[in-house]
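The structure presented is a predicted model; accordingly, all values stated were derived computationally and were not measured. Just so it is clear: chains get the letters A, B, ... in the order the sequence lines come, proteins before strands, and each one is counted from 1.
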Amino acid sequence: MDLSLDDTQQLVRNSARDFLAESVDRLYVRDMEDDERGYTDEFWKSVAELGWTGMIVPEQHGGAGMSLIELSLVLEEMGAAAAPGPFFSTAVVGAHAISAHGNDDQKSKYLPRLVSGELITSLAILEGGASWEAGGIRMSARRSEDGWRLNGEKVFVADAGVADLFIVAARTGENGPPEESITLFLVEASTIENNKMERLESVADDRYYVVDFQDVVVPPDGVLGEVDGGWPLLKQTLDLAAVAKCAEMVGGSRRAVDMTLEYVKERVQFGRPIGTFQAVQHRAAEMATDLEIARQFTYRAAWALSEGKGDGTEVATAKAFLSEKFSEICASAHQLHGAIGYTQEHDLQIYSRRAASAKVAFGDARHHREVLAELMGL
Amino acid sequence: MDLSLDDTQQLVRNSARDFLAESVDRLYVRDMEDDERGYTDEFWKSVAELGWTGMIVPEQHGGAGMSLIELSLVLEEMGAAAAPGPFFSTAVVGAHAISAHGNDDQKSKYLPRLVSGELITSLAILEGGASWEAGGIRMSARRSEDGWRLNGEKVFVADAGVADLFIVAARTGENGPPEESITLFLVEASTIENNKMERLESVADDRYYVVDFQDVVVPPDGVLGEVDGGWPLLKQTLDLAAVAKCAEMVGGSRRAVDMTLEYVKERVQFGRPIGTFQAVQHRAAEMATDLEIARQFTYRAAWALSEGKGDGTEVATAKAFLSEKFSEICASAHQLHGAIGYTQEHDLQIYSRRAASAKVAFGDARHHREVLAELMGL
Amino acid sequence: MRYEFTAEEEAFRAELLEWIENEVPEDLRGIGRAASDEEWENELRVRRQLADKGWLTLAWPTEYGGQGAPMMQQVIFNEEMVYHRIPGREPFGTRMLAPTLMVHGTEEQRRKYLPPIARGEVQWCQGYSEPDSGSDLASLQMRAVDDGDDFVVNGSKIWTSLAHRADWIFFLVRTDPDAPKHRGISFLLAPMDTPGISVEPIINMAGHHSFNQVFFEDVRVPKENLVGELNRGWYVAATLLDFERSGVDYPAQARRTLDDLIEYAHSTLGADGEPLSKDPDIRRKFVELSIETDAARSIAYEVADMQAHGEIPNKEASMSKTLGTKLVQDVYGFGVDLLGMYGQLRPGSPRAVLEGRMLDMQLTTVAFTIFAGTTEIQKNIIATRGLGLPRG
Amino acid sequence: MRYEFTAEEEAFRAELLEWIENEVPEDLRGIGRAASDEEWENELRVRRQLADKGWLTLAWPTEYGGQGAPMMQQVIFNEEMVYHRIPGREPFGTRMLAPTLMVHGTEEQRRKYLPPIARGEVQWCQGYSEPDSGSDLASLQMRAVDDGDDFVVNGSKIWTSLAHRADWIFFLVRTDPDAPKHRGISFLLAPMDTPGISVEPIINMAGHHSFNQVFFEDVRVPKENLVGELNRGWYVAATLLDFERSGVDYPAQARRTLDDLIEYAHSTLGADGEPLSKDPDIRRKFVELSIETDAARSIAYEVADMQAHGEIPNKEASMSKTLGTKLVQDVYGFGVDLLGMYGQLRPGSPRAVLEGRMLDMQLTTVAFTIFAGTTEIQKNIIATRGLGLPRG
């Protein structure tokens, strides 16, 4: 047991803090909320230059070859800064899916461009019922003379508007359990007509789209992993994404706690800082305790995935806990801020809206508690 | 809508308060916890003289012909005083079962003695799994030349050691849904051998027994209600008992709240009464709020059963709420009392032990929430 | 003891429901926050209808143009208006200023201000909070200086709902800066178009323009617009005068939302192909929230019953507010969770479920436990005023 | 970063588990509150075994007869002892007095008192609380008056665990009634058979004799029994010296109880004929409590990790205590609920399930959020000392 950061990790964390303190201020965050793409080229370029896009990409493909732990440290800082953009879709989901599941050709073709910031990826899995289970994937993929043809609609496709490459899960067979006939495809954006995308207006800064795949052709080399073997790979990527999302949430929670502590020390009512009131103190203590647990759960899960240890308990525990607690911490922060935190002008609401988005991404608390129940043999 | 007590009701409540203030003090409660029977003849005689045993017994059988509302007012005070004895088994369960479901002969035979305090009754329903559902009743009742023969074991039979008459649920058929082959019997204690009873040691003052019915003979006129028609009658009695138990719990909760308010006003730490600390104040406010809801739910349910209104929602809501809140109020009371309330010497623990008993009697919160789910069409 | 409404009360409910069904078309019903100009027009339109029926001022004494309706009738009215999401009720004039004027106003003030309120012709707003005076309202600093026939007012008020729609404002000012803080405050009235009054919108976290900051710069308010005695404004404002303090709106809103959610859960299949309403976790939450709704409603009825019996609820009103505001937060929070990924879609978004109302109201109700006395302040009140615990 | 124990640490665990399996028969394992004389005998017997293994003072520095074991080894030891319900560990001498003496004691005191503790031969008890000094411990009033070579002590201590079994007591007294309250306290040692010391049992709500009131009547304590400086006893006692402050006992106890309950739920049929472990409500509660256990354990490990890195945990230790004590209350409370009607049966009752332990421990753990710093005090500490909020 050793919960401390090593030198590299400290460096990663500090450089993330420094960069984000300079590059992402409240005005940028607000501007980007109204921006169609949700980020600036300048920001994206800097992120790539810092090597963050390639953080978990193997070194032979131009990446840093680091683990989910280091990536989580960056994500925690991005969550704290509420930094917008397609980083998660690309540097977490896309980078992992291609690095872990791609063949050499695919890796050589896509990873260097992903690392350099030229390639933005997007995950297209969910359909109508928005279920994270294998059974929710019904999009059909049929063999054709030119490879595969995909038909079906995907929802909550993040960053679809700017993505160059989609990682799409589709059904390549109808028999047997739903887990056994799913295949992952790499679909280049150029093959989808733009008017088949519709932007959803969501609570936070996500750029979610409905994408209608109508007879989209994927060449044979667009299959990621084995035909019919997509589900276990997808599960791996979803697990990693869930933990990475937790890291973002830890950052957001931390900022909400810090903002609150600062506010209650300053705000005077009844002739004294409201931070002297016991109700305020106890609430703050509970927020800080939940934050501490959130942090432990998250890094333990990141460590377990990095080391190939654990049985899924760490991932499910982290996401089940964070999904609830980030929102609860924000709710407490609002209560202690009073009216001012309720205004659009105030930063706090940015975090509570992020919490509402993050809690359902990659499985909500109910989903992950069910996973835990299965793992416990219940 | 009119939530006030009428003159009779106020009188009932005041006389209950006065009598119990005089007759049931902390020494009596403690002595009776160690007493084999759990009450004194003197106390029981007084209760009968006050007319409480016959409160819900019709006037033509010597009772007061009052409703569950008035009985609840008395029970609330008994709960507040933690008054021990077979009152609940007799004046609530027995009085209702015989008054509501008995034929004229049975009423004439048993009710006047019950009213005068000569007859103590006991409900024998639960078996091994201690389920309050019809399916839990498996004791067999077979017709014989001398009436019926009962075979089977009943558990959590309250006051069995002093009961003169048992109300027993047994199965008179094996086909069809479990609700349709249950019959209620009135079984005189003299027909059961004493060594077939074993006392359970429970958390509170209940005198619970395991009673082994081995070939117990019940004459034909011992059937209460119709053969195979026992379940709906039993349900009625259990509903009434659940509400009556809630009334006791309201009294207990009230006392726990009052004790706590008194203590936190007196107890000085850090140079001031601990009742000035906001954490204490807020906890007290929450206790008082729960108590107020508990009271409203309970009397609404008592009113609904008295008037034959409602659909069961009122009963299930009251018991689901009280089962949790009486215990929670006691837990809060302990926290605010600190170490002193944890001692056997202090009265508070009497109420928290009563809460542990009452929460499961006549269905725990889980049971009643399930009833509500059904009523809500879920 | 009677835990049901009387036949008369139920007859009023039936009349009201009939009116709603016949006179208020579906497209007029809604959340009723009057954020857009169109919603505001609807609001005023229904308000005038209510005024015509006499329901706008149902609980006012007849001598001031009301119906002198019994408390429980008012409770039923509020319940059904909320349940059916009917706009048009107006709290500031009818429920806050009017009772204050009835007790503390002069005869002239009453004749001038009450009839337009009863006719639904004037919109009032309330200027109490200031940037540095929230929970500690009595510390308010907005100054009013005696200058001949007028007071000259300088300062600002904040969180002023509907200030951008209002014709008049009633507000508290400090008229004696040297007196103890509760004893130097006065209660004034002013038209919103008085020179020197300006309104800045405040957008809330749900993106709505629900309140404002109101600035006063050398605003002249005639002394005849003083309500009650000079420097006694704290007591004028604090007198608990409202006709109906039960807080029944919250459980009515919760019940309506739960009913909508149950319908949704019945008609929507989960990942396992079964209706969501059969999912054990969801079922349990419905039951818990239903009990919580019932609890808030029971205390609301208790408050109304006390008022009907001429008693003054204090801790009970605070309990009702505490329970009700937590309830609606819990219900909308559950609503958002129930919708899964779709819970995060805003009103108007493609694929939004239940009109995006769950999210919108979850964000909106964040303020419910803050405004009009935070939950912390309510619990302080319950403990000290209600339970007699010593002040800290 | 490494979220698992090292191979060495796991080797120690394996050795420990083997010892438990081979050397501690089932009938010696139990709740270990040493309420009966028989339990007390068992306690002492196992304690002597632990002393022989060197495990009783695992974390003591080697120069005082300990193993100087690394922090995580001590954590593993505590975890497994609790999980397997092994009696014999002794907190007062080994974990509270000994570190105090190591820092504040004289060489003579160390040589006199430490070896018997390490050998498991002496039972200490702790005299801190008084009837009027609980959360506000520094207000303690028990007087010690200087009289030649002795102090003469008068007053009483309360909630003194094991006073009826103890050979010695360490305790706080007021030696300067005129000084500010924290600055007139001294730390003394005395044999329990000193004339003038008497012990009155206090029975707790679970019916156990777990603590006592200890009366001092003109008790003469030699000055050589003063630990640290005169009037500096508050700081002697308050120095956070414990070898292992992680609070890992609570989650270990919770995990063991959950494991027992899961086994029970798998093997017991509910009213519907299915195992209780398939009931959705019960399943959900198991998952929630498992997460809560994991949370408490994670913070406990964090505290241990800080100590291992030479950092001084303060808010983390308070978090650990707060989480852990609530956890065990929740787990036993759920255990009682899971057993339904049988949950109310006491240990020893006919038909008692799981030896009646759920009820017995539910009653016992009521005190856990009260003793050794109430949850309220812990949260005050987290907020002020940990988060830097200003004191009220």
Check your understanding: Should we say atom CG of C:D132 is surrounded by more than 12 heavy atoms from elsewhere, each under 6.0 Å from it?
Key -> no

Review point. Can C:R391 and B:T276 be said to form a side chain to side chain contact (heavy atoms under 4.5 Å, CB included), step by step?
Key: CA-CA 5 Å; C:R391 279 163 213 280; B:T276 59; over 6 Å; no

Check your understanding: Out of B:K309, B:E314, B:R283, which one racks up the most heavy-atom pairs below 4.5 Å with chain C?
Key -> B:K309

Review point. What part of B:F277 lies closer than 4.5 angstrom to a heavy atom of chain C: side chain, backbone, both or neither?
Key: neither

**Study point:** Atom group of B:E286 that falls short of 4.5 Å from chain C, counting heavy atoms
**Key:** side chain

Revision key, fill the gap. By residue number, those in residues 315-334 of chain C with heavy atoms under 4.5 Å from heavy atoms of chain B are C:M319, C:L323

Point to revise | Side chain, backbone, both or neither of C:M72 within contact of chain B (heavy atoms, under 4.5 Å) | key: side chain

Check your understanding: For B:L261, is it the side chain, the backbone, both or neither that has a heavy atom under 4.5 Å from a heavy atom of chain C?
Key -> both

Review point. With chain B, which of C:K278, C:R284, C:E4, C:M306 has the greatest number of heavy-atom pairs at distances under 4.5 Å?
Key: C:E4

Review point. What pair of heavy atoms forms the shortest contact from B:D2 to C:D305, and how long is it?
Key: CA-OD1, 3.4 Å

Check your understanding: What pair of heavy atoms forms the shortest contact from B:L3 to C:R2, and how long is it?
Key -> CD2-O, 4.2 Å

Check your understanding: Nearest 0.5 Å, what's the CD-CE distance between C:E302 and B:M1?
Key -> 12.0 Å

Point to revise | Option that, when pairs with chain C are counted at under 4.5 Å, heavy atom only, ranks first among B:Q9, B:R295, B:E370 | key: B:E370

Review point. Checking B:E324 against chain C: side chain, backbone, both or neither under 4.5 Å from a heavy atom?
Key: neither

**Study point:** Proximal component of B:Q281, with respect to chain C [non-hydrogen, under 4.5 Å]
**Key:** both

Review point. Hey, which of C:A304, C:G388, C:A308 has the most heavy atom pairs under 4.5 Å with chain B?
Key: C:G388

Exercise for review: Flag the pair B:I293 / C:I299 as yes when at least one side-chain heavy-atom distance between them is below 4.5 Å, and no otherwise.
Suggested key: yes

**Study point:** Interface moiety of C:R283 toward chain B, non-hydrogen atoms closer than 4.5 Å
**Key:** both

Practice item. Please say whether more than 12 non-hydrogen atoms of neighbouring residues, nucleotides or ligands are located less than 6.0 Å from CG in B:D7. Key: no

List the atom pairs, donor and acceptor, that lie under 3.5 Å between side-chain atoms in residues 238-246 of chain B and the rest of the protein, sequence neighbours left out.
from, atom 1, to, atom 2, distance (Å)
B:K245, NZ, B:E248, OE1, 3.2

Check your understanding: Are side-chain N/O atoms of B:Q296 and C:Y3 paired as donor and acceptor at under 3.5 Å?
Key -> yes

Exercise for review: Answer with side chain, backbone, both or neither: which region of B:L378 has an atom nearer than 4.5 Å to a non-hydrogen atom of chain C?
Suggested key: both

Revision key, fill the gap. If one checks every heavy atom of B:R272 against chain C at 4.5 Å, the contacting part turns out to be side chain

Check your understanding: Taking atom CD of C:E10 as the centre, does the number of heavy atoms from other residues, nucleotides or ligands within less than 6.0 Å exceed 12?
Key -> yes

Practice item. Verify side chain to side chain contact (heavy atoms under 4.5 Å, CB included) between C:I262 and B:M376, making sure each step is shown before the conclusion. Key: CA-CA 9 Å; C:I262 288 174; B:M376 290 168 72; 3.8 Å; yes

**Study point:** Crowding at CD, C:E311 (>12 non-hydrogen neighbours, <6.0 Å)
**Key:** yes

Review point. How close do C:S298 and B:R300 get, heavy atom to heavy atom, and via which atoms?
Key: OG-NH1, 4.1 Å

Point to revise | Whether over 12 other heavy atoms sit under 6.0 Å from C:E8 CD | key: no

Review point. Taking atom OG of B:S4 and atom NE2 of C:H309, what is their separation to the nearest 0.5 Å?
Key: 3.5 Å

Review point. What's the shortest heavy-atom distance between C:L387 and B:A284, and which atoms?
Key: CD1-O, 3.6 Å

Check your understanding: Looking only at heavy atoms, which of residues 370-384 of chain C get nearer than 4.5 Å to chain B?
Key -> C:E376, C:K379, C:N380, C:I382, C:A383, C:T384

Practice item. Output the residues of residues 286-296 of chain C for which the shortest heavy-atom distance to chain B is under 4.5 Å, in residue-number order; output 'none' if no such residue exists. Key: C:F286, C:V287, C:E288, C:S290, C:I291, C:D294, C:A295

**Study point:** Part of B:A320 within contact of chain C (heavy atom distance under 4.5 Å)
**Key:** side chain

